[in-house]
Amino acid sequence: MSKKIALFTTEIVTYLKETGKVSFSAPSNIALVKYWGKHGVQLPQNASLSFTLSNCKTLTSISYSKKKETTADFDFQFLFEGNPKPSFEPKINTFFERIYEYCPFLKDFSFVIDSQNTFPHSSGIASSASGMAAMAQCLVAIEKALGSTLSEEQLTQKASFLARLGSGSACRSLEGPVTVWGAHESIEGSSDQYAVKVPFEIHETFQNYQDTVLLVDKGEKQVSSTVGHNLMHGHPFANERFQQANDNLKELTEVMQAGNMERFIHIVESEALTLHAMMMTSSPYFILMKPETLEVINHIWEFRREHNIPVCFTLDAGANVHILYPESVKEPVLSFIDKKLARYCQNKQYICDVVGTGIQQL
Ligand code: DP6
């Protein structure tokens with residue numbers, strides 16, 4: 001066990017409280033350098049970098065009360081938008097089992113977890129990042145209330161660490177505006193265990209960056225991220241891909257400090273297409289893009305060329321398109337989206353988001 005992991009294993013001898021309630025929101029995030037491929041217990045094969053978002057978020061409250069006697073099982077109830085949702089409980093149970101060694105109080109208390117998302121249900125927007133980040137932050141806040149000996153900085157790291165054990169990309173949602181997950185030589189303090197805020201000032205061009213998410217396909221994905229990650233084991237291009245991601249991350253951090261828009265667009269779009277190229281060259285192979293995804297990409301390229309407006313796209317593991325652009329060109333880009341791209345979205349729906357700073361206490 002590495003030192004860092006031991007650090008997060010805190011035993012609280014006497015609990016300072018028997019009951020209480022904590023509430024936090026955590027946003028989604030969009031990777032610019034993609035995490036695709038993992039090993040061990042949720043450890044990334046390469047470092048990834050993301051913009052933390054603001055509007056697409058999960059709001060979670062956890063009430064806790066001390067059990068009369070510690071039991072071998074976890075005792076919790078999960079409510080989604082105020083209604084019991086037992087179908088989510090096995091997932092949470094698995095998460096609790098995985099983090100129990102770091103949160104031994106989990107078996108001493110009963111919990112009621114109440115969660116809701118700000119974005120429409122089944123919009124094709126992954127709620128696992130915001131959901132796991134919000135839950136992890138609540139658990140760390142409970143640990144603090146019960147008498148944790150960890151410092152504030154360690155508690156923040158621990159929240160990201162726990163979120164990672166729930167879903168890899170979730171660990172990047174605790175802080176913002178830009179975070180890195182995965183040990184990388186050019187990012188001081190970076191770790192495979194948790195994400196950190198980038199340790200430099202971002203050029204003003206990339207501050208308040210806009211992300212409009214086009215809801216091209218709101219259905220369930222045919223191939224889950226977990227299956228996709230696994231297909232990177234034995235993938236013929238895996239090692240080159242992991243190296244490429246680490247190289248892209250290094251250049252992107254330079255580009256984001258310097259304000260180099262041309263290289264930013266190049267790296268971001270290349271990362272998105274490479275992610276999907278990895279899926280298309282897996283065995284078995286699969287395609288998550290839809291015809292509308294390609295239509296949208298071609299329109300973006302045409303618009304950029306014709307109007308010289310710095311707008312670009314990225315994709316996550318699905319058909320939806322994230323359109324990224326500086327705040328200064330918001331008006332022409334939104335009018336372009338409305339006129340040319342909304343028709344490719346299901347029910348003409350898209351979500352306007354902007355880069356943000358991470359979790360918030362409610
Ligand atoms: C394409 O974090 O959803 O969005 O760790 O198995 O929960 P698990 O996977 P997940 O994978 C996200 C993949 C991605 C790229 C990224 O966010 O970096």
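Just so you know, ligand 1 is whichever comes first in the structure, and atom 1 is the first atom listed for that ligand.
- For ligand 1, the atoms lying closer than 4.0 Å to a non-hydrogen atom of Lys38 are 5 (O), 6 (O), 8 (P).
- In this structure, Trp36 and His229 have tilted ring planes: the angle between them lies in the 30° to 60° band.
- Less than 4.0 angstrom separates some heavy atom of Arg172 from each of these atoms of ligand 1: 16 (C), 17 (O), 18 (O).
- Between atom 2 (O) of ligand 1 and the options Ser28, Ser169, Ser173, Gly318, the minimum heavy-atom separation is to Ser169.
- Relative ring orientation between Tyr209 and Phe206 is described as tilted, the plane-to-plane angle lying within the 30° to 60° band.
- Here's the thing with Asn29: none of its N/O atoms is less than 3.5 angstrom from an N/O atom of ligand 1.
- For ligand 1, the atoms sitting less than 4.0 Å from at least one non-hydrogen atom of Gly168 are 2 (O), 5 (O), 7 (O), 8 (P), numbered in the order shown with element in parentheses.
- The CD atom of Glu331 sits 10.5 Å away from the CD1 atom of Ile309 when rounded to the nearest 0.5 Å.
- For ligand 1, the polar-atom distance check against Trp36 finds no nitrogen or oxygen pair separated by under 3.5 Å.
- Listed by atom number, the atoms of ligand 1 under 4.0 Å from Thr226 heavy atoms are 6 (O).
- Residues Glu295 and Lys340 fail the side-chain proximity criterion, which asks for heavy atoms closer than 4.5 Å.
- Only side-chain heavy atoms of Ala31 come within less than 4.0 Å of ligand 1; its backbone N, CA, C and O stay farther off.
- Polar contact check, Lys34 against ligand 1: no nitrogen or oxygen pair lies under 3.5 Å apart.
- Ligand 1 has no N or O atom lying under 3.5 Å from any N or O atom of Asp316, backbone or side chain.
- Applying the 4.0 Å criterion to heavy atoms of Ser225 picks out, from ligand 1, the atoms 3 (O), 9 (O), 11 (O).
- Where the criterion is an N or O separation shorter than 3.5 Å, residue side chain and backbone included, Tyr35 meets it with respect to ligand 1.
- To the nearest 0.5 Å, atoms NE2 (His322) and CG (Leu315) are separated by 8.0 Å.
- Cation-pi contact between Lys107 and Tyr100: present, with separation from the ring centre below 6.0 Å and deviation from the ring axis of at most 45°.
- Considering backbone and side-chain N/O atoms, Ala170 never comes within less than 3.5 Å of an N/O atom of ligand 1.
- Using cut-offs of 30° and 60° on the angle between ring planes, the pair Tyr102 and Phe161 is perpendicular.
- Between the CG atom of Leu252 and the CG atom of Leu32 there is a distance of 6.0 Å, given to the nearest 0.5 Å.
- A perpendicular orientation is assigned to the rings of Phe109 and Phe105, their planes being inclined by more than 60° (bins at 30° and 60°).
- Under 4.0 angstrom from ligand 1, there are no non-hydrogen atoms of Ile30.
- Remark: ligand 1 atoms within the under-4.0 Å shell around heavy atoms of Ala317 are 1 (C).
- Side chain of Thr179 to main chain of Arg172: a donor-acceptor pair is present (N/O by atom type, distance under 3.5 Å, no hydrogens or angles).
- Atoms of ligand 1 lying under 4.0 Å from any heavy atom of Leu275, numbered from 1 in the order shown and given with element: 1 (C).
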